Amino acid sequence: MRREATPVAARAPSAPRVVPRAAAVRTIKNVHGHTVDRIGEAIVAGRYAVGATLPAEPLLCAAFGVSRTVVREAVKSLAAKGLLVAGPKVGTRVLPADNWNWFDPDVVAWQTHAGLTHDFLRDLQELRRVVEPAAVRKAAERATVRDIAEIEAAYAGMKDAIEHGGDYVASDLRFHQGLLRAGGNRMMVQMSKAIGALLRTSFEVSTTLLDGPASSLPLHRAVLDAVIAHKPGQAERASLKLIDSARDDIDQVLASGRKLPGLRLDPARGQGGRAARRGKAQGLDPRRDPA
């Protein structure tokens, strides 16, 4: 007996692949951030001279493999950081370093990649000597139990990194930012965020000495003890001693001629190697010949 074939249900068409909105937003941000980094690094490194006009949009799009919208947004970001100025009939021009926002972490990172200069490090040390002792004095006057606990935790992280290995610089930065916050001054709190990258640069350099972290630990302890004891004058003097010691360490590193450390950019913004290779193949590699 012949069986009738059972009809096979029609297969539903496969649904289109949907990219989660969050992932799509991250991709857009990564492309934008990478483009900002590439152009920003080229400017800080001097590959685009002060007063020079950036290549036309189509050339930048081809170099980075991005759309005009991405290039335009990158230019806006760099203008907000003080690196560029754009105007009708004059194009997009590079501004002098005095116009750059040196409290911007990106600008600081680009400078470290281009090479830390004596002037940059001198300015940084002078800034620390003006700001930090006064902030530490206020911390000794106003620090709460919670503030002191935070600074003590940072100090413990530094000590642990010396004894067992770890990220000493991250704990060092947490220590100093904790002091700035403990002063209870809202502007100082904002400054602690703004100068974070500058402080980290200083610590990265000074800790390249073999015994740098270990020798500075007692100086940090002296600052912490004075803050805990609420002795403003003693805290201020201890802070000055710590900063001057860091300056001496940096001078020693510079005199040795050893390679200075660089800061890593946000890994999420380190995308775009394919676009970079494409731009180089087309003869417009900003790392080599931006003009």
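Predicted, not measured: the structure shown is a model, and the values here were computed from it.
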Path from [X] to [Y] over hydrophobic side-chain contacts below 4.5 Å:
| X | Y | answer |
| --- | --- | --- |
| V71 | V94 | yes |
| L224 | V169 | no |
| V205 | V107 | yes |
| L173 | I162 | no |
| L219 | V253 | no |

With a 4.5 Å limit on heavy-atom distance, are the side chains of [X] and [Y] in contact?
| X | Y | value |
| --- | --- | --- |
| N185 | K138 | no |
| E141 | H230 | no |
| K81 | W100 | no |
| L84 | R93 | no |
| Q190 | R186 | no |
| L127 | F103 | yes |
| L180 | V136 | no |
| L78 | T92 | no |

D167 side chain to A170 main-chain N or O, any donor-acceptor pair under 3.5 Å? yes

Could you tell me whether the side chain of Q111 and the main chain of G115 form a donor-acceptor pair under 3.5 Å? yes

Specify whether F203 and H176 have parallel, tilted or perpendicular ring planes, treating 30° as the upper limit for parallel and 60° as the lower limit for perpendicular. tilted

Could you tell me the separation between the [atom1] atom of [X] and the [atom2] atom of [Y], rounded to the nearest 0.5 Å?
| X | Y | atom1 | atom2 | result |
| --- | --- | --- | --- | --- |
| E152 | D225 | CD | CG | 8.5 Å |
| M188 | R142 | CE | CZ | 9.5 Å |
| L179 | E132 | CG | CD | 7.5 Å |
| E126 | I243 | CD | CD1 | 12.0 Å |
| I43 | L95 | CD1 | CG | 8.5 Å |
| F175 | M158 | CZ | CE | 6.0 Å |

Pair [X]-[Y], side-chain donor/acceptor within less than 3.5 Å:
| X | Y | answer |
| --- | --- | --- |
| S245 | D248 | no |
| D37 | W110 | yes |
| H34 | N30 | no |

Starting from the C-alpha separation in whole Å, work towards a yes-or-no answer on side chain to side chain contact (heavy atoms under 4.5 Å, CB included) for V44 and L83. CA-CA 8 Å; V44 174; L83 275 69; 4.1 Å; yes

So, are [X] and [Y] salt-bridged, with charged N and O less than 4.0 Å apart?
| X | Y | answer |
| --- | --- | --- |
| D147 | R181 | no |
| E73 | K76 | yes |
| R122 | D119 | yes |
| E150 | R174 | yes |

If you look at every heavy atom in [X] and [Y], which pair is closest and at what distance?
| X | Y | result |
| --- | --- | --- |
| T53 | G91 | CG2-CA, 4.3 Å |
| L124 | S202 | CD2-CB, 3.6 Å |
| Q177 | S192 | NE2-O, 2.8 Å |
| A246 | S206 | O-CB, 4.2 Å |
| P105 | A197 | CA-CB, 3.7 Å |
| P232 | R137 | CB-CG, 3.6 Å |

Can you check side chain to side chain contact (heavy atoms under 4.5 Å, CB included) on D172 and Y155, steps first, answer last? CA-CA 7 Å; D172 198 357; Y155 176 83; over 6 Å; no

For T201 and F120, run side chain to side chain contact (heavy atoms under 4.5 Å, CB included): C-alpha distance rounded to whole Å, both residues' side-chain angles, the deciding distance at 0.1 Å, then the answer. CA-CA 10 Å; T201 300; F120 177 84; 4.0 Å; yes

Determine, stepwise, if the pair D244 / K241 fulfils salt bridge (charged side-chain N to carboxylate O under 4.0 Å, His left out). CA-CA 5 Å; D244 288 344; K241 187 174 181 179; over 6 Å; no

When you look at L242 and S239, which way does the side chain to side chain contact (heavy atoms under 4.5 Å, CB included) test go after all the steps? CA-CA 5 Å; L242 175 59; S239 175; 5.6 Å; no

